[in-house]
Each structure stands twice: as C-alpha cells, then as structure tokens.
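In what follows, every heavy atom counts, from backbone to side chain, and hydrogens, waters and symmetry copies are set aside.
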Amino acid sequence: MDKIRLYNTMTRRIEDFVPINEGEVGMYCCGPTVYNYAHIGNLRTYIFEDLLHRSLVRAGYRLKHVMNITDVGHLTGDGDDGEDKMAKSAKESGRSVWDIAAFYTDAFFRDEKDLNIIRPDIVCKATDHIPQMIDIIKRLEEGGHTYISGGNVYFSIDTIDDYGKLARLNLDELKEGARIAVDSNKRNAKDFVLWFTNSKFKDQVMVWDSPWGRGYPGWHIECSAMSSEYLGPHFDIHCGGIDAIPVHHTNEIAQSEAAFGVKPWVDYWCHGEFLLNDKGKMSKSSGEFLTLSVLKEKGYDALDYRYFCLTGHYRSQLKFSFESLDQARSARLTLMRKLAEYRKAGSPADKLSDKASGYLDAFDEAMANDLKAPQALSVLWQALRDDGLDGAQKLALALVMDSILGLDLDRAGEEAGQDDIPSEALELLAQRTQARKAKDWAKADGIRAQLAAMGFKVVDTPQGAHLERL
C-alpha cells in the first residue's frame, strides 16, 4: 500500500501520514460510555476506525491501538451539566451502576464481533485508571491551571493561549452571544471540571478518595489519562466521532498539553461524520435509535450494515434507510455468491497476475488516500466483472482486499453463497424476508411453499433466514 494520507481535523487538510517513530503507530480511539446499547450511528464510527486500523497494518506499520471504556458515567451534556448517565440508567433499571457497566460493555463487544471489527490491542476502563487521572490533575494544579470552586476542581482555559484550536472556537463571539448556560462556580463559561466532589450529586455511588475530597473524575480527564498511560505524552492518531470536536476533544487537548508540556499532544485528529435518519442525527438522547440487534431481528446480517457503511466516505454524512440497507444486503449477498462460485471451481490463485495486481494497486490507492472505501469497493466490483481474470484470480484478489473491507469474504460458500443452493432460491429467500418485514404473511408463506417445491427448507434464526435441503 502507498503512503497513507489522512484528513487532519486540526489543520483541515489531507496530509501525508508521518509517524513519530518510523514504522510504528500509536492510535487512541474514544470508546463507548456503557450506560445503554450502542446505536448504529455509534457503530459507524467504530467501523471507520477499524478501516483505519486495517489500512495501517496493511501499510506495514506496527500498530498499538488503544480504546477506552467510559464506565464512570459522564453527564447527559458534553459539558458539566445534566444527569449522570450511569446513575440514570441504574435507577431506571433497578441494577447497580457496576452491573450496568458490565452488561453494556459485553453488549458493545458482541456488536463489534458481529461487525467483524478487530478488537483494539488495549481496552482500558476508566474505573481502573483513577490514580492516573489524579496524577494529571495534580500536575495541572502545580502548573497553575486549576482552581477549586463549589467543591469541584476546574481547569482554567485562561491559563493557556490556544484553547479551542481544534474546533476553531471564537471565544469572544461565544462570550458576546451569551449562548452558554453559565455555571456560577466557573470563572470562565468554557472552564471545565477535572474532579467532582460529593457536592455534584446526592448519594453518588462511584466515588474515590483524592487530594480534593472524595469524589469522581470529570469526563474529559479520563481520555487524557488512559491515552498517555499506554501511548505516552505525545502520540500519532486520535479518533472519534465529529460530535466530540467542540467540547470533549477540545478539552482533552487543553488539559493534556498543559499537563505534559508537549505541543502538539496528538499529531493527527481523525473524525467520523454522523449517521442520519429521517429525523436527523441518530442520538440516544431522543430515545429513538436503532441498534444492531434490531437490524438482526429484522433478518439482516450485521455485515449487511458494515457493507452499507462502506458505501459512504467516513467524513461524509450518511443517510440510513431500510431501503438503502436492503440494497447493501443484496450487493453483499451477490458478492458472496460470486465468490462461492469461484471457490467451488477451485482454490484461490497462489500469486496475483499483473492484471489482478493492477486492481489491487487501485484498491490500495483508494484506501491510502484518506480511506476512500466507496472507491475501493468499486474497484473490487470492477475486478469481479472483468472477463480477463479467471475465478482463481478473482477469489485471491477479493480475499486480499477483504483484509481491509472486513466483510468476512472467506465465508463465501457457508452463508448466502452456499455452494449447492442456486441463485434463484436465494433470491426467493430474500423476497420472503422483505415480505415478512412488510408483514405480508400470505406472500411469505407462498414463497416458503415455492422453496419447498424446489427442495429447500427455510430456517429462521435470530441472525436471519437460511436454506437447507429437504
């Protein structure tokens, strides 16, 4: 793969990726706050980060990928306002905050496994890193960057000269516009909490001893502590969703550069755009969001959703609809069937021909140029339609490309591309799934009977329907 180029949110341009240490990459990704299921918009961000992970490895880098689990519930707002999300979920469910965290952490990793997302090298929980957070706050205090007010320790943005550079905030405009609900404890409306004491919430369960009293950390300090613990005070790449830019990542940069005395703290900032639905940005706060489990209950494979995400560039907003997901499912099944046919005819080629290598070069170029997955996917389809390549070459090429696409193409022949099931039967199965989704039970039953007449039994599972010979 060619030299990787990435869009750096800090500079607002695509740049050649040059690691701090030759041949090595340190990458930190903001993980889930485990108070509820991840919705499919959240999961789109982790798919983008997985594409980056896979591309860096394919380019030959030794990658150290770190992701946190926020199991100390931060507040319902990205600032310092609102309810504690973990406590709110615990109260509503009647379970402890610790049980809530464990349950939704497990659910998150089940989703990641279903989506064929490579697990980060290090997964770190906030609750396991309280001492590291306290150490950073003490450093900030010694450097004159903090003050105590109302029992809480605040970071003072007036002690640094470049606050808001990632989001390009105009602090004077924000102040003049008076659009911020001001915490009376803050000297500056954009100051943020590093450590809360018991004064914030009554009967707070998750609390620890600290030099400032028994309490718990602010949300932003968590990522600074965990990333520096495993990647050091200066590392290569920090990823997350675009919604983290104006507050969370902005505050991470401020406190980290002040504490470590290193600028830049992170060389490349990479952000994934929103997934939209009919009502706009998908969000848990609205109470209306789709999970991967819901898609599976409707008969989709998790990899149908992964394929759908590959059809949009990670920096572009992507509009979700079931019609679009149907199209992605159809394309993925067709892809699996084609590869199943090639596999049935023989093994993948041991070596790519010059023509196949040309397609691989084009694929690699697309992914190396800021992860242009839609373009890369198009190259794969062009190769599969090329009569100048035999099945063995096409199969070998697809499997190499899948090291980045992550569609589990080596399963071709097991799933939709089952060797002995004709495409006509598989198409009828897809039509039956659509009929069931539309609650057209008569049509669904008719298709089942039609398939039975062809010698196939329909087997419905939580992961979707498949066919077995009678």
Angle between ring planes, Y314 versus F48, binned at 30° and 60°: parallel, tilted or perpendicular?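 Correct class here is parallel.
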Which label fits H65 and H53: parallel for a plane angle under 30°, tilted from 30 to 60°, or perpendicular past 60°?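 Judged by the thresholds at 30° and 60°, the geometry between H65 and H53 is tilted.
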Using a strict threshold of under 4.0 Å (side-chain N to carboxylate O), is an ion pair present between R315 and D370? yes
Test of ring centre spacing under 6.0 Å for [X] and [Y]:
{"X": "H234", "Y": "W265", "value": "no"}
{"X": "F17", "Y": "Y268", "value": "yes"}
{"X": "H220", "Y": "F192", "value": "yes"}

Which value, rounded to the nearest 0.5 Å, describes the distance between [X] atom [atom1] and [Y] atom [atom2]?
{"X": "L6", "Y": "L56", "atom1": "CG", "atom2": "CG", "result": "7.0 Å"}
{"X": "W269", "Y": "I237", "atom1": "CH2", "atom2": "CD1", "result": "12.0 Å"}
{"X": "L295", "Y": "F308", "atom1": "CG", "atom2": "CZ", "result": "10.0 Å"}
{"X": "M67", "Y": "C30", "atom1": "CE", "atom2": "SG", "result": "10.5 Å"}
{"X": "L43", "Y": "L290", "atom1": "CG", "atom2": "CG", "result": "11.0 Å"}

Please report the shortest heavy-atom distance between [X] and [Y], naming the atom on each side.
{"X": "G31", "Y": "Y46", "value": "C-OH, 3.1 Å"}
{"X": "C309", "Y": "L318", "value": "CA-CD2, 4.0 Å"}
{"X": "K186", "Y": "D191", "value": "NZ-O, 2.8 Å"}
{"X": "A373", "Y": "M367", "value": "CA-SD, 3.7 Å"}
{"X": "L409", "Y": "L399", "value": "C-CD2, 4.0 Å"}
{"X": "M27", "Y": "C239", "value": "SD-SG, 4.0 Å"}

Under 3.5 Å: donor-acceptor pair, side chain of [X], backbone of [Y]:
{"X": "D106", "Y": "F103", "value": "no"}
{"X": "D402", "Y": "L407", "value": "yes"}
{"X": "T70", "Y": "T33", "value": "no"}
{"X": "S55", "Y": "L51", "value": "yes"}
{"X": "Y305", "Y": "L292", "value": "no"}
{"X": "T197", "Y": "G151", "value": "yes"}
{"X": "R44", "Y": "F274", "value": "yes"}
{"X": "S316", "Y": "G312", "value": "no"}
{"X": "N251", "Y": "H248", "value": "no"}

Are K298 and F322 in a cation-pi setup, meaning NZ or CZ lies under 6.0 angstrom from the ring centre and within 45 degrees of the ring axis?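 Judged by the rule, K298 and F322 form a cation-pi pair.
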Using the test salt bridge (charged side-chain N to carboxylate O under 4.0 Å, His left out), find all partners of [X] that sit at least two apart in sequence or belong to another chain.
{"X": "D236", "result": "none"}
{"X": "R432", "result": "D460"}
{"X": "D162", "result": "K165, K263"}
{"X": "D408", "result": "R411"}

Taking side-chain hydrogen bond (donor to acceptor under 3.5 Å, both in side chains) as the cut-off, I'd like each qualifying pair that reaches into [range], sequence neighbours left out, listed once.
{"range": "residues 110-128", "result": "D71-T127, D114-K296"}
{"range": "residues 7-26", "result": "R5-D16, N8-E15, T9-H271, T11-E15, E24-R62"}
{"range": "residues 320-330", "result": "Y300-D326, S321-S324, D326-Q434, D326-K437"}

What I'd like to find out is whether the side chain of [X] reaches to under 4.5 Å of the side chain of [Y], using heavy atoms alone.
{"X": "I160", "Y": "F155", "value": "yes"}
{"X": "V193", "Y": "V153", "value": "no"}
{"X": "V72", "Y": "E222", "value": "yes"}
{"X": "F363", "Y": "M401", "value": "yes"}
{"X": "I253", "Y": "V266", "value": "no"}
{"X": "P120", "Y": "V66", "value": "no"}
{"X": "T146", "Y": "W195", "value": "no"}
{"X": "E229", "Y": "C124", "value": "no"}

Return each pair, listed once, that meets salt bridge (charged side-chain N to carboxylate O under 4.0 Å, His left out) where at least one residue sits in residues 47-58; pairs must be two or more places apart or across chains. D50-R54, D50-R306, R58-D364
Return the set of residues passing ring pair (Phe, Tyr, Trp, His ring centres under 6.0 Å) with [X] (not counting sequence neighbours), or none when no residue passes.
{"X": "H129", "result": "Y230"}
{"X": "Y307", "result": "none"}
{"X": "Y147", "result": "Y154"}

Can you name the side chain to side chain donor-acceptor pair (under 3.5 Å) partners of S224, sequence neighbours left out? Q255, S256
Derivation of the side chain to side chain contact (heavy atoms under 4.5 Å, CB included) call for N369 and K372: CA-CA 6 Å; N369 188 17; K372 287 187 168 55; 3.6 Å; yes
I'd like to know if the side chain of [X] pairs up with that of [Y] as donor and acceptor (distance under 3.5 Å, no hydrogens or angles considered).
{"X": "W212", "Y": "E141", "result": "yes"}
{"X": "H145", "Y": "T159", "result": "yes"}
{"X": "Y37", "Y": "N42", "result": "no"}

Report the C-alpha separation of F196 and V207 in whole Å, then their side-chain angles, then the decisive distance to 0.1 Å, and conclude whether the side chain to side chain contact (heavy atoms under 4.5 Å, CB included) test is met. CA-CA 9 Å; F196 290 103; V207 290; over 6 Å; no
List the steps and the verdict of side chain to side chain contact (heavy atoms under 4.5 Å, CB included) for V123 and I69. CA-CA 7 Å; V123 175; I69 299 291; 3.6 Å; yes
Decide side chain to side chain contact (heavy atoms under 4.5 Å, CB included) for K64 and V25; before the verdict, give the C-alpha distance in whole Å, the side-chain angles of both, and the deciding distance to 0.1 Å. CA-CA 6 Å; K64 189 175 185 180; V25 180; over 6 Å; no
